[in-house]
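Remarks on the structure that follows.
As the structure lists them, so they are numbered: ligands from 1, and atoms in each ligand from 1.
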Amino acid sequence: MQIIRDIATLHRAVAALKQGGKSVALVPTMGALHEGHISLVRMGRRVADHVVASIFVNPTQFGPNEDFAAYPRDEARDAGMLVEEGVALLWAPDVGVMYPAGHATHIEVAELGADYCGAARPGHFDGVATVVAKLFNQVRPDIAIFGEKDWQQLAIIRRMARDLDFDIDILGAPIARADDGLALSSRNAYLSPEQRKAAVSFPKALQTAAAALANGDDMYETLAKAEAAIIAGGFDSVDYIALADADSLEQLATFRASARLLAAARMGKTRLIDNYPVG
Ligand code: PAF
C-alpha cells in the first residue's frame with residue numbers, strides 16, 4: 001500500500017489505479033481505525049476495483065473546546081490495518097497540504113447542518129463539507145463510503161454531492177456495533193471501563209424507542225422515556241433526541257416511513273452519537 005502525502009503524486013497514483021476503466025472507492029477517515037472503518041473498507045472492496053483510504057484529522061471540524069489536540073493518532077497502526085484489508089493507497093496529507101497558507105474558501109451548510117449535532121457544534125458541518133469536497137477533488141473517486149453512525153453527516157454529504165454536482169456515488173455503510181449494541185466509535189476509547197459498561201443504556205434506550213414509535217406510541221412520551229432511561233443508565237445529559245426524516249432531516253412529530261431516530265448524549269467528557277431506523 002502506497003502512503004501518499006502530496007497532491008501531484010496522488011493524482012498520478014489514482015490515474016494508474018483507474019487504468020483500463022477500473023473503479024475507485026474512497027473511504028475518508030480521521031484515523032484511530034476500528035471495526036466500523038474496516039466495514040467501510042470491506043464495502044469498498046465489494047463495490048469497486050480499488051479502495052483508497054484517507055486519514056486526515058481535520059482541524060476545521062473541531063470547535064475551540066473540542067478534542068482536536070487529544071484526538072487519537074497512530075498512523076502506523078492504522079496503515080497496518082488497511083494493508084491487511086487490501087487497501088491500494090493511503091492518502092495522508094499534512095495540514096499544510098490540505099489548508100496551505102492563504103486558504104480562504106469554505107463550504108457553508110445551511111439548514112441541514114443547523115440542528116442536532118450542528119446545534120451543539122457550530123461550524124462543524126461546514127468544516128466536514130469543506131474537507132470532504134477537497135478530498136473528493138483530490139482523490140477523484142467513483143464512489144465514496146461513509147458510516148451511517150454519523151447520519152446527519154451522511155445526509156449533508158449526499159446533499160453537498162448533489163448541490164455541487166460531484167459525479168460520485170455516496171454510499172452509507174450500516175452501523176458497526178459491539179456485542180452489547182454500542183455503536184463503534186473512536187471516541188469510545190475515552191470511556192473508563194465503568195463508563196463503557198454503562199454506555200450500553202444509550203443504544204438500548206434508542207432501540208426501545210424506535211420500536212415504540214413504529215408501533216404508534218406517542219412521540220413526546222416515547223422520547224421523554226428514552227431520555228430518562230439514558231440518564232438513569234449513567235449519562236450526564238442528552239444533547240438531543242429527535243425523530244427526523246432520513247433524507248431532509250426535517251424534525252417529525254409522528255412516525256412516517258423513512259424516519260430516523262437521532263440522538264447524542266454525554267458521559268463525562270465524552271459525547272456519543274447514535275441513530276436507529278424507525279419502522
Ligand atoms: O467521519 C469522519 O471521520 C470525518 O468527519 C470525515 C468524513 C473523515 C471528514 O473529516
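Residues D126 and V109 share a closest heavy-atom pair of OD1-N, 2.8 Å. When all heavy atoms of I55 and M30 are compared, the pair lying nearest together is CG2-C, 4.0 Å.
A side-chain hydrogen bond (donor to acceptor under 3.5 Å, both in side chains) with S23 is found for one member of D142, D169, D49 and no other, namely D49.
Looking only at heavy atoms of the protein, atom 3 (O) of ligand 1 is closest to M30 CG, 3.7 Å.
With a 6.0 Å cutoff to the six-membered ring centre and a 45° limit on the axis angle, R260 does not count as a cation-pi contact of F255.
Contact atoms of ligand 1 toward V131: 9 (C), 10 (O) (distance under 4.0 Å to a heavy atom of the residue). Those atoms of ligand 1 with a heavy atom of Q153 less than 4.0 angstrom away are 1 (O), 2 (C), 4 (C), 5 (O), 7 (C).
Checking only distances, Q61 does come within under 3.5 Å of ligand 1, N or O to N or O. The N/O atoms of T29, backbone and side chain alike, include none that comes under 3.5 Å of an N/O atom in ligand 1.
Counting heavy atoms closer than 4.0 Å to ligand 1, residue I157 contributes nothing at all.
By the 4.5 Å heavy-atom criterion applied to side chains, I168 and I143 are not counted as neighbours.
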